[in-house]
Amino acid sequence: EQAAAVMLQARELGIGFWAGFKNINIIEGQPAFSSAFMIALAERSGQLLDYKVDGDATTATMIVWKKGSKDPISRTFSMADARRIKVKKDDGWISLADKFNWKNYPEEMLQWRVVAKTLRIAFPAVMAGLYPPEELGAEVVPGEQGEELVLELPSLPTNNTPPAVTSPPPASVPIAEPPAQEPEPV
């Protein structure tokens, strides 16, 4: 069932099935994508000119230069933001900042989170409905090359008590095909 969901999502995104299996996780029935894969999708759209991600253990910022935009798009995500977000843990709720991976790898977690936040704002037609595993409740840690490794999928809730909502989810935008590339003048 999950394999079929990955293959369908890969087909919808115009990537091969193998790339889909390497970059898409199904968490609570939702596809989840690494931040690196989200950057690759933005690059493939032809609209991402350049980007910069910088930060430390308290704050991360991403700046995106988008084709056709006069000004760069910049967003920040901080540990204070992570403390306000509540996630399911066992039979209760904890702040995102209290998860094992956020306590042990704060700089990486902040950077991954700001990438997803910034790219969804800068490229809504490309990122429509795409979330990183962490936002869907998975336990994620950095790998040897800094990649996101999904360690543990969330358990299904045992009660219907939702966490306090701190911000509305991003608006859903229909997925659009990347714009056709204009041929280079000869």
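Positions are given from 1 along the sequence. On a predicted model such as this, the values are computed, not experimentally measured, just so you know.
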- Task: Compare all side-chain heavy atoms of S95 with those of R84 and state whether any distance is below 4.5 angstrom.
- Result: no

- Check whether any side-chain heavy atom of W102 lies under 4.5 Å from a side-chain heavy atom of M79, and answer yes or no. yes

- Message: Within the 4.5 Å heavy-atom criterion, are N101 and W112 side-chain neighbours or not?
- Response: no

- Task: Find out if a path of hydrophobic residues (ILVMFWY) with successive side-chain heavy-atom gaps under 4.5 Å connects V87 to F100.
- Result: yes

- Contact summary for M7 and F21, nearest pair of heavy atoms: CG-CZ, 3.7 Å

- Item | For the student: nearest non-hydrogen atoms of S78 and T59, plus distance | CB-OG1, 3.9 Å

- For the residue pair I85 and F77, what are the closest heavy atoms and their distance? CD1-CZ, 3.8 Å

- Item | Side chain to side chain, L119 and M62, heavy atoms closer than 4.5 Å | yes

- Note on the structure: In terms of heavy-atom contacts, I73 and A122 come closest through CD1-CB, 3.7 Å

- Message: A side-chain contact here means heavy atoms from C-beta on lying under 4.5 Å apart; do I63 and W65 qualify?
- Response: yes

- Item | Minimal non-hydrogen separation, S35 against A116, with atom names | OG-N, 4.4 Å

- Intermediate values then yes/no, side chain to side chain contact (heavy atoms under 4.5 Å, CB included), M127 and F33: CA-CA 10 Å; M127 302 298 150; F33 306 85; over 6 Å; no

- Message: Any non-hydrogen side-chain atom of L48 less than 4.5 Å from a side-chain atom of K67?
- Response: no

- Task: Could you tell me whether the side chain of V126 reaches within less than 4.5 Å of the side chain of L41, counting heavy atoms only?
- Result: yes

- Would you check if there is a donor-acceptor pair between the side chains of T76 and T61 at a distance under 3.5 Å? yes

- Could you give me the CA-CA distance, side-chain angles and deciding distance for L49 and K66, then say whether side chain to side chain contact (heavy atoms under 4.5 Å, CB included) is met? CA-CA 5 Å; L49 296 175; K66 183 178 177 182; over 6 Å; no

- Message: For a 4.5 angstrom cut-off between non-hydrogen side-chain atoms, does Y51 reach I39?
- Response: yes

- Can you measure from CD (Q111) to CG (D54) and round to the nearest 0.5 angstrom? 7.5 Å

